[in-house]
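Structure, as structure tokens:
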Amino acid sequence: MSELPTAYEPQSVEEKWYQAWLDQKCFHADENSSKEGYSIVIPPPNVTGILHLGHVLNNTIQDTLARRARRQGKEVLWLPGTDHAGIATQTKVEKKVREEEGKSRRELGREEFLKRVWDWKDKHGNIIINQLKRLGCSCDWDRERFTMDGDYSEWVAKVFTELFEKGFIYRGKRMVNWCPKSLTALSDEEVIPKASRSKLYFMKYELVGEPGRYLEISTTRPETLMGDIAVAVHPDDERFKDLIGKKVRRPFPERAIEIIADEHVDMEFGTGALKITPAHDKADFEIGQRHNLEVIDVLHADGTVNCPEVPELDGLDRFQARRLAAAKLEEMGLLIKVEEHENNVGYSERADVPIEPRISMQWFLRYPAVDEATAAVASGDIQIRPERWAKTYAHWMENIQDWCISRQLWWGHQIPVWYRKEKAFELKEAESLDVKDLASKDIYVGTEPPEDAENWIRDEDVMDTWFSSWLWPFATMSEREQEKFYPTADLVTGPDIIFFWVARMIMAGYSFKQELPFKNVYFTSLIRDGKGRKMSKSLGNSPDPIEIMNTYGADGLRFALMRIAPVDSDIRFLEEKDKKDPNKKVYPQVEEGRNFANKLYNACRFRQMQGGGALQEIGNLETLPVYHLDILHKLDALSLNLDKAYASYRFNDLTSLLYEFFWSEYCDKFIEAVKLDFRSGDEEKIQRTLAVMDTVMSRYLGYLHPLMPHITEELSSQLGYLANGAFLMEQRDQSEAVLNGLSEEQIEQAGGIAEAVYRSASRLRNLKAEYHLAASKDVEFILKPAEAWVSDQLDALSVLVGAKSIRIESDYAAQKGTPAAVAEIGEIYMPLEGLVDIDTEKERLGKEIAKIEKEIAKSQGKLGNANFVDRAPEAVVKAEKETLENWQSKYAQIRDMLSALDG
RNA sequence: GCAGGGAUAGCUCAGUUGGUAGAGCAACUGGUUUACACCCAGUUGGUCGGGGGUUCGAGUCCCUCUCCCUGCACCA
């Protein structure tokens with residue numbers, strides 16, 4: 001008896017091996033290695049980040065790819081790191097400082113505040129990195145990078161300078177997406193449209209000089225009417241034709257504004273008349289430009305009203321002001337009605353408040369290398385998977401808009417532009433600024449501050465975080481490292497950042513390295529909860545992966561996610577209440593992973609209990625029993641199928657193949673079929689079987705290692721499959737098939753017999769179960785064999801079935817009422833002490849025969865169809881004929897049995 | 001409005017050039033045979049979202065409709 005516990009306990013094992021790998025520097029990549037290079041850069045999580053299931057899926061895939069590449073003998077660099085995440089981090093630290101010190105960031109000052117952010121980063125910035133380690137990620141932690149490291153920052157400034165000098169970067173006063181909470185501009189990608197239930201206000205403006213005549217206007221934003229400078233109608237709109245050029249009276253502050261005609265106006269919408277507020281609406285701004293209209297800004301940066309002429313609204317929040325403005329209109333008798341209205345409102349991705357279109361001075365980038373980047377994906381130089389995302393990519397690239405790269409934040413890469421002190425005020429307000437202005441010598445752009453820095457003032461803005469992230473595949477590497485590891489092989493990330501990050505990296509790769517940044521992009525699935533909802537903090541439906549790993553093990557979680565990771569479409573991550581303890585939650589999919597680890601552990605425990613030392617040669621393949629040959633053949637097939645699954649990035653296939661082979665083929669069939677060997681006392685038999693088991697297990701553990709690294713390392717070590725001090729994770733997969741010396745025919749024949757025995761065993765168990773004898777070992781079967789080889793397989797068959805014996809008796813005359821069945825090995829009888837009632841038995845066989853008759857009819861129907869026989873492929877017809885023959889022979893056998901019952 | 005994806009057993013999902021509908025979980029029956037109850041054996045359960053078409057044959061190809069999801073656009 002073994003004293004090992006009967007259940008696998010992952011926690012201590014996982015910790016032990018991870019530490020051992022770290023101690024032995026197993027994850028370290030050598031840029032001077034002569035091996036072929038393979039690299040992945042991690043999508044850097046936010047430094048404020050906490051591990052969620054999306055990260056787990058994402059990084060499990062990366063780890064699997066990295067470990068697989070190592071097993072193929074490649075020099076692997078998986079480069080980890082974190083992103084400084086401008087808005088998220090600044091907001092977090094700002095909040096903390098306010099809570100702990102009661103100070104705003106402005107009270108603290110830029111320099112002092114940034115110090116606090118760095119302090120925070122040093123103390124708390126490692127959480128997610130440590131969580132990734134818990135998952136087993138084999139990143140080269142010596143190379144951990146941060147997007148605000150010194151070297152990295154140099155790259156960012158260099159790239160900015162280069163793009164400015166080439167004319168790709170310019171500054172201008174534009175309508176941008178403004179976040180009134182974070183007080184910064186945002187890129188278009190950072191604005192999330194949300195379907196909202198708004199109100200559409202219908203109001204009327206009186207025509208100047210025509211008392212009592214009104215123009216009706218509809219708007220969702222009455223709080224901006226103080227900024228109205230015109231009312232627009234469609235030039236073709238018959239209703240308003242005579243009004244064009246006339247003026248209406250804006251109620252407050254009172255002012256006559258012109259009625260203009262513009263094609264943009266939708267005649268169908270609302271009243272067909274659109275109030276024009278160039279300062280607070282993108283479309284209005286453009287109309288204003290076309291008609292040369294004055295821009296009146298009536299909002300502060302934080303979204304409060306800036307309009308001293310209307311004191312009751314001045315200073316109010318925009319939403320409060322909206323209600324009050326409507327009330328004021330009503331009071332004046334100018335509000336006609338209010339309708340419910342569904343529309344999309346743009347929200348700030350980070351701060352989750354409606355963004356405000358706002359005119360401000362910002363830096364913009366006209367994207368470089370757009371054509372190359374578009375072509376790279378179209379031509380297949382970069383392969384995107386699932387393929388359909390390539391269309392999304394192409395569509396965005398074709399409609400690409402300039403990128404607003406400046407942010408009014410402190411935490412980030414400061415814009416490397418300086419203004420000469422005496423001209424600074426003037427330059428800061430200049431309508432436009434670009435490469436041409438360098439000639440004036442009044443501005444300076446460069447990676448280092450100007451030499452006489454005291455005479456210059458630096459631009460205060462920082463850059464969008466993604467302006468540093470897009471350099472990640474090479475800015476993280478030294479030149480020597482780039483030679484070995486750039487371009488990277490695979491990028492694994494979520495499709496939600498295809499524009500934020502992936503597309504931009506491709507353009508950066510072509511612009512600054514003259515080469516693509518990666519060859520394959522794999523977009524992971526979105527993980528939803530059991531109800532199909534997106535996982536989010538606010539819903540609280542996102543389970544903590546660390547807790548799950550503590551219960552089920554990291555390997556169990558990894559396996560579960562890989563098994564349900566589909567090729568396309570989303571993943572539902574199930575969560576159920578524990579039946580015993582309703583306060584506890586269980587995760588059925590992860591249980592499957594945990595159970596699989598346990599199965600693995602127990603199979604190895606079984607192996608260990610049979611004794612015997614290190615891995616030995618199998619010896620003469622020719623003399624191996626069919627079960628041994630069969631499992632070795634399936635092992636060879638597994639290896640090939642795994643290659644295919646990896647090649648097509650079908651991780652769910654990969655996982656199913658491994659699961660199926662081990663559980664159904666190795667455990668359920670092979671181990672059971674050879675169990676008798678260990679009880680035989682025949683040392684030669686035992687050693688032969690052990691050699692096969694060890695060959696299968698040692699290879700299999702290697703195949704499984706990329707998915708479940710900890711348990712496979714542990715079991716390989718326990719079973720003595722590794723030389724002293726060696727790690728499974730550093731072993732190469734053996735590429736040669738085990739059954740190399742055997743002919744196809746020999747292999748097929750052995751496999752055929754083994755399978756026939758397995759299927760027959762199933763038929764017999766079936767028969768036992770029908771009489772509720774599932775556990776009884778006392779059953780003795782009598783067999784009329786169909787084939788000569790059957791006699792050699794009776795012992796194995798007995799174990800598989802759970803029978804006392806199976807006796808061959810070719811001329812057996814069954815007593816009436818003896819339960820019987822037909823299997824590939826022949827006719828089987830199960831004599832019972834108390835015979836079964838003849839009618840019952842006839843009925844049972846009758847049911848079976850009815851089933852067979854149906855099959856025969858179906859098959860004959862097909863073969864009787866001339867069209868089928870003539871037009872279907874020969875192989876299909878032949879297979880159909882064989883099927884029919886099989887059924888017919890079974891039919892004959894059962895008929896005989898039935899007539900014996902009658903006779 | 002445009003584009004893409006999805007609908008298969010009670011649940012979560014496979015189903016790769018058209019050729020006998022599968023797995024895991026759940027349910028039910030039986031089982032502690034010396035690896036494993038995180039287990040073993042067996043059973044039940046599906047007109048593959050609706051309709052039409054192509055074909056000897058359709059879950060698979062084509063058309064159409066319904067519902068769900070995701071981008072993009074509009075968003076007064």
Side-chain angles (χ1 to χ4, degrees), chain A residues 1-2 4 6-8 193 195-196 198 200-201 217-221 232 264-266 269-277 281 283-284 341-346 386 388-389 391-392 395-396 399 495-496 498-499 526 528 530 532 534 552 556 563-564 566-574 576 588-589 591-592 594-610 644 648 650 652-653 656 659-660 664 667-668 671-672 675 679 762 765-766 768-770 772-777 799 801-802 855 858-859 862 865-873 875-877 879-880 883:
Chain A
M1 265 301 271
S2 167
L4 286 170
T6 61
Y8 174 59
S196 309
S198 313
L200 188 61
Y201 299 87
I217 301 164
S218 47
T219 179
T220 53
R221 302 202 59 190
H264 170 82
V265 179
D266 178 0
F269 191 94
T271 63
L274 168 64
K275 74 186 196 69
I276 304 299
T277 324
D281 184 280
D284 290 9
H341 178 59
E342 295 255 340
N343 66 346
N344 281 328
V345 177
R388 64 188 175 90
W389 291 109
K391 278 191 185 171
T392 308
H395 184 257
W396 188 74
N399 297 286
D496 49 330
I498 185 167
F499 311 134
L526 187 71
R528 299 175 172 277
K534 231 171 169 170
Y552 300 99
R563 188 157 161 79
I564 59 175
V567 186
D568 214 329
S569 82
D570 301 342
I571 296 178
R572 279 183 196 221
F573 190 81
L574 302 181
E576 285 170 8
Q589 291 150 328
E591 272 181 353
E592 194 178 295
R594 188 265 321 257
N595 294 353
F596 184 63
N598 191 55
K599 186 78 180 174
L600 205 67
Y601 168 80
N602 273 295
C604 292
R605 230 175 105 239
F606 174 75
R607 165 63 191 90
Q608 227 170 3
M609 289 163 79
Q610 311 311 324
K644 281 184 210 158
S648 50
R650 295 183 57 111
N652 53 341
D653 280 1
S656 299
Y659 184 93
E660 183 78 7
S664 312
C667 292
D668 290 351
I671 290 189
E672 295 304 323
K675 259 184 183 166
R679 292 177 225 161
S762 168
R765 287 191 297 241
N766 191 317
K768 274 172 68 185
E770 283 184 53
H772 297 288
L773 301 171
S776 171
K777 280 195 291 185
V799 180
V801 172
E855 295 291 343
K858 210 163 118 189
S859 200
K862 257 186 170 180
N865 183 336
N867 276 323
F868 173 71
V869 179
D870 294 346
R871 301 169 81 158
V876 174
V877 177
E880 191 60 46
T883 306

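Residue numbering restarts at 1 for every chain, and letters A, B, ... go by the order of the sequence lines. Here the structure is a predicted model, which is why all the values come from computation and not from measurement.
- Across all strands shown, A/Glu672 has heavy atoms under 4.0 Å from base atoms, whether or not it also approaches the sugar-phosphate.
- Considering NE2 of A/His264 and CG of A/Asp284, their distance stands at 7.0 Å, rounded to 0.5 Å.
- Using a 4.0 Å heavy-atom criterion, one finds that A/Leu200 contacts the sugar-phosphate atoms exclusively.
- For the C1' atom pair drawn from B/G49 and B/A9, the interatomic distance equals 15 Å after rounding to whole Å.
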Q | Nucleotide-level pairing of RNA chain B, given in dot-bracket where Watson-Crick and G-U pairs need both distances under 3.5 Å and | marks other strands | A | (((((((..((((.....[..)))).(((((.......))))).....(((((..]....))))))))))))....

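- Nucleic acid contact for A/Glu770: none, since no nucleic acid atom lies under 4.0 Å from a heavy atom of the residue.
- If you take atom C1' in B/C38 and the same atom in B/U44, they sit 25 Å apart, rounded to whole Å.
- Atom pair A/Asn652:CG and B/U12:C1' shows a separation of 13 Å (rounding to whole Å applied).
- In this structure, A/Lys644 does not reach the B/U16 phosphate: none of its side-chain N or O atoms is under 4.0 Å from OP1 or OP2.
- The interatomic distance linking A/Asn595 (CG) with B/G24 (P) rounds to 12 Å, in whole Å.
- The separation between A/Glu592 atom CD and B/C36 atom C1' is 16 Å, rounded to whole Å.
- Summarising the geometry, the separation between CG on A/Asp284 and P on B/C75 is reported as 9 Å, rounded to the nearest angstrom.
- Each of B/U16, B/A35, B/C40 was ranked by its minimum atom distance to the side chain of A/Ala603; first place goes to B/A35.
- Between the side chain of A/Asn344 and the base of B/C74, a donor-acceptor pair under 3.5 Å is found.
- Checking A/Arg765 against A/Phe269, the closest nucleotide of RNA chain B that is more toward the 5' end is the one next to A/Arg765.
- Side-chain N/O atoms of A/Lys599 include one lying less than 4.0 angstrom from OP1 or OP2 on B/C40.
- Candidate nucleotides B/C56, B/G30, B/A37 were compared by shortest atom distance to the side chain of A/Ala872, and B/C56 ranks first.
- Between A/Asn602 and B/C38, a side-chain N or O to OP1/OP2 separation shorter than 4.0 Å is absent.
- At B/G6, none of the side-chain N or O atoms of A/Arg528 fall inside 4.0 Å of OP1 or OP2 (strictly under the cut-off).
- Heavy atoms of A/Lys275 sit nowhere under 4.0 angstrom from any nucleic acid atom.
- A/Asn865 comes within contact range of the sugar-phosphate backbone alone, with a heavy-atom separation under 4.0 Å but no base atom that close.
- In this structure, A/Arg572 reaches the B/U12 phosphate: one of its side-chain N or O atoms is under 4.0 Å from OP1 or OP2.
- Within the 4.0 angstrom heavy-atom criterion, no nucleotide atom of any strand lies near A/Cys604.
- Residue contacts for A/Val265: at a heavy-atom cut-off of 4.0 Å it reaches a base atom on one of the strands shown.
- One finds a side-chain N or O of A/His264 lying less than 4.0 angstrom from the OP1 or OP2 phosphate oxygen of B/C75.
- A/Asp653 comes within 4.0 angstrom of no nucleic acid atom, judged by non-hydrogen atoms across all strands.
- For the P atom pair drawn from B/U60 and B/C48, the interatomic distance equals 10 Å after rounding to whole Å.
- Side chain of A/Asn602 to backbone of A/Thr6: a donor-acceptor contact under 3.5 angstrom is found.
- Atom CG of A/Asn598 and atom P of B/G24 are 17 Å apart (whole Å).
- A/Asn766 has a side-chain polar atom (N or O) that falls below the 4.0 Å cut-off from OP1 or OP2 of B/U43.
- For the pair A/Trp389 CH2 and B/C69 P, the interatomic distance rounds to 15 Å; values are reported in whole Å.
- Protein atom CZ of A/Phe596 is 13 Å distant from nucleotide atom C1' of B/C38, rounded to whole Å.
- Rounded to whole Å, the P atom of B/G15 lies 28 Å from the corresponding atom of B/C56.
- Across B/C40, B/U34, B/U20, the shortest atom-to-atom separation from the side chain of A/Glu855 is found for B/U20.
- Ring geometry, A/Phe499 versus A/Trp396: the interplanar angle falls under 30°, so the pair is classed parallel (tilted spans 30 to 60°).
- At the heavy-atom level, A/Pro873 lies under 4.0 Å from base atoms of the strands shown.
- Listed for the A/Ser859 side chain is no donor-acceptor partner under 3.5 Å among the backbone atoms of A/Glu855.
- Taking side-chain N and O atoms only, A/Ser762 has a distance below 4.0 Å to OP1 or OP2 of B/G42.
- Taking the ring centre of A/Phe606 as origin, the terminal cationic atom of A/Lys675 falls inside the region bounded by 6.0 Å and 45° from the ring axis.
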